[in-house]
Amino acid sequence: MSNEKKLIPLVVIVGPTASGKTKLAVDIAKKFNGEIVSADSMQIYKYMSIGTAKPTIEEMSSVPHYMIDFLEPNEKFSVAKYVSMAKQHIADIHSRNKLPILVGGTGLYINSLIDNIEFAQMQENTPIRDELYKIAEEKGNDYLFDMLKEIDEDICKELHPNNLGRVIRAIEVYKLTGKNMSWHKEHSKMTPSEYKLCMIGLTASDRQKLYDRINNRVSIMVENGLLDEAKNLFSSVYSGTAKQAIGYKELKGYFENEEKLEDCLEKIRMGSRRYAKRQLTWFRKDERINWIQFDLFSNYKEIFDFACETLVKNNII
RNA sequence: GCCUUUGUAGCUCAGUCGGUAGAGCAAUGGAUUGAAAAUCCAUGUGUCGUUGGUUCGAUUCCGACCGAAGGCA
């Protein structure tokens, strides 16, 4: 094995929702001749722009963006697909002598990509899953968990029986590949990352400041036409992954005349706050991240300058 | 003004036939390898409205007062 292969420089900007990732990424791209690869599990969908806080049309036309706006809302997606597509974009950007910038809040996508997780090669197989879900419904979560114990005792130490989706996936992986999840996890980390990273994390030193921004942004989304966007989405086919997006599902009750608008909006704010909390839990443990606490700077320019300095210090540009 | 109901965790409410209390939601922490903006796990001290009385002991019984909702005038 040779380490001669040259690493691709990659700027990574992470952080909870509403922390200002999009703007910072665009400005960095403009300054350093970069292009942006999004790492967001919902911005991949068309027609879901306001609610997922996609970059504006101006932002997207001033800097090339990838992994945004390319899937119909009824199409399923997965980490494995994300990693293989995003990797190609990064390689392509680099081959054109531009600086790739990975930006987003979906921790699983980002870590799978930058840590070079290799997923088992297989097609997704819903008949197996459906059958397992049926077993769980009839005989209970513990029954399925005991099934998993038979084929992968180690993974059971990391999983809770109630985390049905993962228990089922672990069984499915074994049925489709003949190797259990523990085996795949171990073998997925064999090849080292091909990127030279500089990670920047945006957050607030005071959690309430972040929550204020989130709450405020929901009102802005409504002013920008969130309700119409959601209404259109409901009238078309929208399912699977896209259906989980915060900012749309909460409005259903309003359109069906069962809930007040203000109550639905409060649900969106709450859902977003809880999401931000989970994002922080995910990113906090990554010691490679250079954190920028936006509320400790007096204006945006200082944040931008500080971010640029960080990139220079890390020899990324 | 009178009658009835009501005042318990940030919110909605249980409960204690008198021995200082518990659920859901929220909040906080954590997990995260093909649905990840999803999914899952862990964490419950609050003058039981205020104030007197009865009692060994009251949030629980009795009285007064304060607040809320409804009804009658």
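What you are looking at is a predicted structure, and each value in this text was computed from that prediction instead of being measured. To find a chain, count down the sequence lines: A is the first, B the second, and so on, and within it residues start at 1.
The minimum heavy-atom distance linking A:F32 with A:C308 is given by the pair CE1-SG, 3.8 Å. A:L102 approaches A:A39 most closely through the heavy-atom pair CD1-CB, 4.0 Å.
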Between protein and nucleic acid, restricted to nucleotides 25-28 of chain B and to nitrogen or oxygen atoms under 3.5 Å apart, what atom pairs and distances do you find?
| unit_1 | atom_1 | unit_2 | atom_2 | d |
| --- | --- | --- | --- | --- |
| B:A27 | OP2 | A:R274 | NH1 | 3.0 |
| B:U28 | OP1 | A:R207 | NH1 | 3.4 |
| B:U28 | OP1 | A:Y211 | OH | 3.0 |
| B:U28 | OP2 | A:Y211 | OH | 3.2 |

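In this structure, A:T106 contributes its side chain and A:L108 its backbone to no donor-acceptor pair below 3.5 Å. With hydrogens and angles disregarded, no donor-acceptor distance shorter than 3.5 Å links the side chain of A:E229 to the backbone of A:M48. Checked by atom type and distance alone, the side chain of A:D295 never pairs as donor or acceptor with a backbone atom of A:A204 at under 3.5 Å. Judged purely by atom type and a 3.5 angstrom limit, A:Y248 uses its side chain to pair as donor or acceptor with the backbone of A:G51. A:N163 places no side-chain N or O within donor-acceptor distance of the main-chain N or O of A:L159, the cut-off being under 3.5 Å.
Distance noted for atom C1' between B:G24 and B:G67: 26 Å (whole Å). Taking atom P in both B:G57 and B:G18, one finds a spacing of 16 Å when rounded to whole Å. Separation of the C1' atoms belonging to B:U6 and B:U12 is 15 Å when rounded to the nearest angstrom. For the C1' atoms, the distance linking B:U5 with B:G44 amounts to 29 Å, nearest Å. As rounded to the nearest Å, B:A9 and B:U28 have C1' atoms that lie 15 Å from one another. Comparing the C1' positions of B:C62 and B:A21 gives an interatomic distance of 23 Å, to the nearest angstrom. The separation of B:G52 from B:G15, taken at their C1' atoms, amounts to 26 Å, rounded to a whole angstrom.
Looking at the side chain of A:I246, the nearest of the listed nucleotides B:A38, B:U33, B:C41 is B:A38. Minimum atom distance to the side chain of A:R278 is reached by B:U39, of the listed B:U33, B:U32, B:U39. In the set B:A35, B:U39, B:U33, B:U33 carries the atom at the smallest distance from any side-chain atom of A:M181. Comparing B:C40, B:A38, B:A31 against the side chain of A:K249 picks out B:A38 as the nearest.
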Under 3.5 Å, side-chain donor or acceptor atoms of residues 60-71 of chain A against the rest of the protein: list the pairs with distances, not counting sequence neighbours.
| unit_1 | atom_1 | unit_2 | atom_2 | d |
| --- | --- | --- | --- | --- |
| A:S61 | OG | A:I57 | O | 3.0 |
| A:S61 | OG | A:E58 | O | 3.1 |
| A:S62 | OG | A:E58 | O | 3.3 |
| A:S62 | OG | A:E59 | O | 3.0 |
| A:H65 | ND1 | A:V63 | O | 2.8 |
| A:Y66 | OH | A:E35 | OE1 | 2.7 |
| A:Y66 | OH | A:R96 | NH2 | 3.2 |
| A:D69 | OD1 | A:K54 | NZ | 2.5 |

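When rounded to the nearest whole Å, the span between CG of A:L280 and P of B:G29 equals 8 Å. When rounded to the nearest whole Å, the span between CG of A:L71 and P of B:A36 equals 11 Å. With rounding to whole Å, A:F283 atom CZ is found 13 Å from B:A31 atom P. B:G29 atom P lies 14 Å from atom CD of A:Q279, rounded to whole Å. Atom CD of A:E75 and atom C1' of B:A35 are 14 Å apart (whole Å). Atom-to-atom, CG of A:N163 to P of B:C40 comes out at 7 Å; the value is rounded to the nearest Å.
Contact check on A:R166 versus A:E172 returns no salt bridge, with no Lys/Arg side-chain nitrogen under 4.0 Å from an Asp/Glu carboxylate oxygen. Under the 4.0 Å criterion applied to side-chain N and carboxylate O atoms, A:K31 and A:D27 are not assigned as salt-bridge partners.
Contact annotation for A:Q121: base contact, defined as any heavy-atom pair under 4.0 Å involving a base atom. Looking at heavy-atom distances under 4.0 Å, A:K185 makes contact with a base. Residue contacts for A:G247: at a heavy-atom cut-off of 4.0 Å it reaches no nucleic acid atom on any strand shown.
In RNA chain B, runs of at least 3 consecutive Watson-Crick or G-U pairs, each pair with both distances below 3.5 Å, span B:1-7 with B:66-72, B:10-13 with B:22-25, B:27-31 with B:39-43, B:49-53 with B:61-65.
Side-chain atoms of A:R166 and base atoms of B:A35 include no donor and acceptor less than 3.5 Å apart. For A:Y133 and B:A35, a side-chain-to-base donor-acceptor distance below 3.5 Å is present, hydrogens and geometry of angles not being considered. Between the side chain of A:S112 and the base of B:U33, no donor-acceptor pair of N or O atoms lies under 3.5 Å.
Close to B:A36, at under 4.0 Å from its OP1 or OP2, lies a side-chain N or O of A:Y109. Using a 4.0 Å cut-off, some side-chain N or O of A:T281 falls inside it from OP1 or OP2 of B:G30.
Of the candidates A:Q208, A:R207, A:R213, A:Y211 forms a side chain to side chain donor-acceptor pair (under 3.5 Å) with just one, namely A:R207.
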